[in-house]
Every structure is written in C-alpha cells, then in structure tokens.
Amino acid sequence: MKTHQYTRDELPQWTIEDVIKHDYSYYFGLEHSHRLKPTQVADDYEKERIDRKRQMLEVGQFDPIIVDYDFNIICGHHSHKVLLERYDRLLCPIICLEGVAVEDVVKYYAGIKAHADALNDRAIENYDYDYLVGSFK
C-alpha cells in the first residue's frame, strides 16, 4: 500500500525535544535506511538542505530520523535521501513513535499550527484595539 504524500509544510520539523514536549511514547532504535518510507512530496526536497545534510554526514553528524510505527518518515526526509544516495542498506538511528501513524501526527501538527495562528491573530486584534482606543483619548 502506498503511503500518502505530504508537503513539507504539512509535516512537523521536529527534534527529540518536540517529541518529548508533545508527550509521545517513543523509542530510539536502528533501522535499515531502505526500510524507511518517505512521506514528503518529492518536489519539496530542497537542494540546499540536502547539501547541508550531506556535509553533516561527512563529518559524522546525523540526527535520528523520526518515524511512525510502520517506519513512515515524519521528519528527516533530507537526511534519508542523503543516506540512500551514499549507502544502500545502512543502519541509521531512528526515533519511532509507538502506536502512532504519520496521518495522526499530521492532524495533530495542523491543530497546533492553527492554534498558534489563532493566538497570533488575537494578539494583533488586541494590539489594534489598544491602538484604536488610545487614539481617541
């Protein structure tokens, strides 16, 4: 079964701190890079990010790839692409969200973004109101 593809903006750009903050159950592990399944639209890969990830790998820096229970990539697509072009079956570090599908994370992340946008809108409304009221004094 083909995994749904998401734009980069739909997928969270998380680190382990974000996984912990959002209270996901997870484990660290190693998995063969060819078993990880990309979920990001191919057109959303950015050459600059790939080049940066390639340079990081060359000096031994590599962030774990965040995956769902079925090894669908949630975050780390550029790193994964670099691994596949360099190594066919390399064991790579992962952070696996237990019992969570990429679709669940995308929905959750969309809710977080909508809430943050609403708070920003509210702050602008309050600023506009305060400015308007102040101009009549």
Side-chain angles (χ1 to χ4, degrees):
M1 182 165 103
K2 181 135 172 77
T3 304
H4 182 78
Q5 300 291 293
Y6 299 96
T7 65
R8 188 168 193 280
D9 290 342
E10 292 175 303
L11 292 164
Q13 304 306 308
W14 284 350
T15 63
I16 183 59
E17 289 86 5
D18 296 303
V19 171
I20 293 168
K21 178 176 76 174
H22 296 293
D23 207 25
Y24 282 103
S25 178
Y26 63 92
Y27 66 87
F28 288 96
L30 295 172
E31 188 55 63
H32 288 279
S33 54
H34 73 280
R35 291 208 44 216
L36 305 182
K37 301 173 230 170
T39 60
Q40 181 173 301
V41 174
D43 290 345
D44 279 2
Y45 285 83
E46 299 171 11
K47 182 184 179 331
E48 297 81 22
R49 289 185 191 280
I50 292 170
D51 291 343
R52 188 170 68 240
K53 295 298 180 180
R54 189 177 296 119
Q55 291 169 352
M56 289 173 62
L57 184 62
E58 287 172 0
V59 296
Q61 295 177 341
F62 190 83
D63 296 323
I65 296 173
I66 301 173
V67 298
D68 72 1
Y69 73 95
D70 197 27
F71 302 118
N72 293 301
I73 299 173
I74 295 169
C75 184
H77 287 87
H78 291 86
S79 297
H80 181 251
K81 186 168 183 66
V82 169
L83 284 178
L84 289 181
E85 61 183 40
R86 295 276 171 122
Y87 310 100
D88 182 33
R89 295 178 181 267
L90 180 71
L91 278 175
C92 66
I94 62 167
I95 299 170
C96 184
L97 304 184
E98 294 182 307
V100 177
V102 66
E103 294 84 8
D104 301 325
V105 175
V106 168
K107 287 177 190 173
Y108 175 72
Y109 182 62
I112 291 171
K113 285 188 355 183
H115 181 71
D117 291 347
L119 290 177
N120 287 337
D121 290 346
R122 180 70 179 194
I124 291 168
E125 289 170 5
N126 288 342
Y127 172 80
D128 290 344
Y129 176 77
D130 292 342
Y131 177 77
L132 182 62
V133 169
S135 67
F136 288 112
K137 289 184 181 180

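Given the structure is predicted, the values throughout are model-derived calculations rather than measurements.
Residues satisfying the side chain to side chain contact (heavy atoms under 4.5 Å, CB included) criterion with Y69, sequence neighbours excluded, are A101. In this view, D104 satisfies the side-chain hydrogen bond (donor to acceptor under 3.5 Å, both in side chains) rule with no residue, not counting sequence neighbours. For Q55, there are no side-chain hydrogen bond (donor to acceptor under 3.5 Å, both in side chains) partners, not counting sequence neighbours. When the side chain to side chain contact (heavy atoms under 4.5 Å, CB included) test is applied to Q61, the partners found at least two apart in sequence or on another chain are M56, V59. Among residues two or more places apart in sequence or in another chain, the side chain to side chain contact (heavy atoms under 4.5 Å, CB included) test is passed with I16 by V19, I20, Y26, F28, I95. Partners of S33 according to the side-chain hydrogen bond (donor to acceptor under 3.5 Å, both in side chains) rule, which considers only residues two or more places apart in sequence or in another chain, do not exist here. Partners of K21 by side-chain hydrogen bond (donor to acceptor under 3.5 Å, both in side chains), not counting sequence neighbours: none found. In this structure H80 satisfies the ring pair (Phe, Tyr, Trp, His ring centres under 6.0 Å) test with no other residue, sequence neighbours excluded. Partners of E17 under the side chain to side chain contact (heavy atoms under 4.5 Å, CB included) rule, at least two apart in sequence or in another chain, are T15.
Residue pairs meeting the salt bridge (charged side-chain N to carboxylate O under 4.0 Å, His left out) criterion with at least one member in residues 74-87, sequence neighbours excluded: R54-E85, E58-R86. The list of salt bridge (charged side-chain N to carboxylate O under 4.0 Å, His left out) pairs with a residue in residues 24-44, not counting sequence neighbours, reads E31-R35, K37-D70. Residue pairs that meet the ring-ring contact (aromatic ring centres under 6.0 Å, His included) test with at least one member in residues 32-68, sequence neighbours left out, are H32-H34, Y45-H78.
No option in V106, I65, V105 other than V105 meets the side chain to side chain contact (heavy atoms under 4.5 Å, CB included) test with I74.
In this structure, the side chains of Y24 and D18 stay at 4.5 Å or more apart for every pair of heavy atoms.
For K113, the NZ atom is densely surrounded, since the number of other residues' heavy atoms within 6.0 Å is greater than 12.
In terms of heavy-atom proximity, D68 sits nearest to V102 at OD2-N, 2.9 Å. Heavy atoms only, all atoms of each residue included: L83 and C92 are closest at CD1-CB, 3.6 Å.
A parallel orientation is assigned to the rings of W14 and H22, their planes being inclined by less than 30° (bins at 30° and 60°).
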